[in-house]
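Heads up, the thing below is written out as structure tokens.
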Amino acid sequence: MIATLKKTLSNAVTDITGHWKRPARGKYIPYKEMLNYSIGGMGMEFVFNITGILGIGATNYYLTAVCGIRPMHLQAISVILSVINMLFYVIRGKMVDGTRTRWGRFR
């Protein structure tokens, strides 16, 4: 069992180092770009989650007491942002679906 685990780990390391800058045959992006997209996605999700916590939390001391924003205003801002985000999802989807470059369609 340990030998198979070592072999699997060795194969994974060899695969990652071999295809770090160039994608493997049949793949479209190398591991380096995949890692960069993942880190960017984590940052984006972090920002969305933190703003959601700040916006929806009516007991948030900073926004309610220090900035003087009332809880109902926070809720209204949250609802408005949700509706705007739904519209942006559609616009982004149309942009991605319609993207055609000299390398081909967006993948």
Side-chain angles (χ1 to χ4, degrees):
M1 179 166 161
I2 293 177
T4 58
L5 181 63
K6 278 186 178 180
K7 185 172 180 157
T8 304
L9 210 55
S10 173
N11 288 342
V13 169
T14 304
D15 185 47
I16 290 172
T17 55
H19 300 294
W20 184 249
K21 291 187 178 181
R22 287 190 180 171
R25 180 175 288 185
K27 303 288 183 183
Y28 295 104
I29 62 170
Y31 286 113
K32 181 179 179 181
E33 287 185 38
M34 201 178 305
L35 178 70
N36 289 334
Y37 287 136
S38 300
I39 291 171
M42 285 187 288
M44 181 192 68
E45 284 297 319
F46 176 76
V47 169
F48 283 149
N49 288 331
I50 291 299
T51 55
I53 290 168
L54 289 176
I56 294 176
T59 59
N60 185 331
Y61 182 76
Y62 178 73
L63 289 174
T64 55
V66 176
C67 293
I69 300 174
R70 294 184 176 190
M72 285 304 292
H73 294 154
L74 286 175
Q75 189 62 34
I77 291 169
S78 177
V79 169
I80 291 168
L81 289 177
S82 297
V83 171
I84 290 172
N85 273 335
M86 283 189 265
L87 296 173
F88 278 127
Y89 290 146
V90 172
I91 292 169
R92 277 186 239 138
K94 292 287 185 187
M95 286 173 61
V96 167
D97 288 342
T99 300
R100 285 177 175 67
T101 63
R102 63 180 174 168
W103 301 287
R105 215 165 159 225
F106 179 82
R107 298 195 183 268

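Every side chain to side chain contact (heavy atoms under 4.5 Å, CB included) that Ile29 has, sequence neighbours left out, goes to Glu33, Met34, Tyr37. With sequence neighbours left out, Ile39 forms a side chain to side chain contact (heavy atoms under 4.5 Å, CB included) with Leu35, Met42.
The hydrophobic cluster around Met95 extends to Ile80, Ile84, Phe88, Ile91, counting ILVMFWY residues whose side-chain heavy atoms fall within less than 4.5 Å of a member.
Here the CD1 atom belonging to Ile16 is positioned 15.0 Å from the NZ atom belonging to Lys32, to the nearest 0.5 angstrom.
Remark: the backbone N or O of Thr4 is paired with a side-chain donor or acceptor of Thr8 at under 3.5 angstrom. Formation of a donor-acceptor pair under 3.5 Å by the Asp15 side chain with backbone atoms of Asn11 is not found in this model.
Between His19 and Pro30 the shortest heavy-atom distance is O-CB, 3.6 Å.
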